[in-house]
Amino acid sequence: MRRACYPGTFDPLSSGHVNIVEKAALHFDEIVLAVAGVTGKSTLFTLEERTELCQKACAHIPNVIVKSFDGLAVEFAKSHDCKIIIRGLRAVSDFEYELSIALTNKKLEKCIETLFLIPSYRYLYLSSTIIRQVAQARGNLADMVPDDVRLALENKFKK
Ligand code: ADP
């Protein structure tokens with residue numbers, strides 16, 4: 001079985017993330033969306049909330065499963081029999097950061113490769129940071145996030 005994992009913080013999952021999952025799902029038998037617990041960043045949503053939102057948003061893709069994890073993505077990949085780690089690349093600005101993660105992962109585990117996917121152009125500008133800022137200012141989140149994520153954000157920032 002060709003299985004890949006897509007690790008990230010997903011705080012929250014955006015339509016760009018979903019676009020990457022949909023693309024990846026066409027090329028693998030199974031995609032494991034891996035939601036990181038301790039990341040060194042403080043998150044708006046708890047790990048349980050982020051995981052549940054990912055599950056809801058990916059329910060329409062039959063060969064995607066969602067798991068949470070702590071620790072190294074390569075350890076997660078190995079323990080779930082994933083030879084490929086998927087990451088998304090939006091712009092040149094992502095490249096340096098993603099390159100250092102990919103090379104570190106290669107150093108840690110040489111049989112795991114990183115595969116970069118580029119989202120459709122309409123999601124290129126999206127980041128979880130921008131989405132949290134728009135939500136906090138009660139802006140229109142249409143097309144930026146799946147519906148359940150939008151509702152969860154509206155709830156978080158309700159007066
Ligand atoms: P991190 O893993 O650095 O905490 P995220 O959880 O935000 O980052 O994102 C996980 C992966 O998805 C990263 O590879 C990131 O570059 C990518 N990504 C983030 N936003 C988008 C987007 N709008 N379109 C495509 N890929 C994205």
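Heavy-atom basis, side chains included; hydrogens, waters and symmetry copies ignored. Both ligands and their constituent atoms are indexed starting at 1 by order of listing.
Atoms of ligand 1 found under 4.0 Å from any heavy atom of Phe10 (numbered from 1 in listed order, with element): 6 (O). Below 4.0 Å from some heavy atom of Ile20 lie the following atoms of ligand 1, by number and element: 25 (C), 26 (N). The distance from ligand 1 to the heavy atoms of Pro119 drops below 4.0 Å at these ligand atoms: 24 (N), 25 (C). Heavy-atom contacts of Glu98 reach the following atoms of ligand 1: 13 (C), 14 (O), 15 (C), 16 (O) (cutoff under 4.0 Å). Using a 4.0 Å cut-off to heavy atoms of Tyr97, the atoms of ligand 1 that qualify are 3 (O).
When only non-hydrogen protein atoms are considered, atom 15 (C) of ligand 1 lies nearest to Gly88 O, 3.7 Å. Of all protein heavy atoms, the one closest to atom 21 (C) of ligand 1 is Arg90 CD, 3.5 Å. The protein atom (non-hydrogen) at minimum distance from atom 23 (N) of ligand 1 is Leu126 O, 2.9 Å. Counting protein heavy atoms only, atom 2 (O) of ligand 1 is closest to Arg87 NH1, 3.0 Å. With respect to atom 19 (C) of ligand 1, the closest heavy atom belonging to the protein is His17 NE2, 3.3 Å. In terms of protein heavy-atom proximity, atom 4 (O) of ligand 1 is closest to Thr9 OG1, 2.4 Å.
Using a 4.0 Å cutoff on heavy atoms, Phe116 does not count as a contact of ligand 1. For the pair Tyr6 and ligand 1, a heavy-atom separation below 4.0 Å is found.
When ring centroids are compared, Phe10 and Tyr6 come within the 6.0 Å threshold.
Counting only heavy atoms from C-beta outward, the side chains of Leu153 and Phe45 approach each other to under 4.5 Å. Contact check for Leu117 versus Leu89: no side-chain heavy atoms found under the 4.5 Å cut-off. With contacts defined as side-chain heavy-atom distances shorter than 4.5 Å, the pair Ile112/Cys82 does not qualify. The side-chain heavy atoms of Ile118 and Phe116, taken from C-beta on, include no pair separated by under 4.5 Å. The side-chain heavy atoms of Leu103 and Lys107, taken from C-beta on, include no pair separated by under 4.5 Å. Between Cys58 and Leu33, the closest side-chain pair of non-hydrogen atoms falls below 4.5 Å.
Counted within 6.0 Å of CZ on Phe95, heavy atoms from surrounding residues, nucleotides or ligands total 12 or fewer; the atom is thus considered open.
Among Val149, Ile20, Ile131, the one residue that satisfies the side-chain contact (heavy atoms from CB on, under 4.5 Å) test with Ser14 is Ile131.
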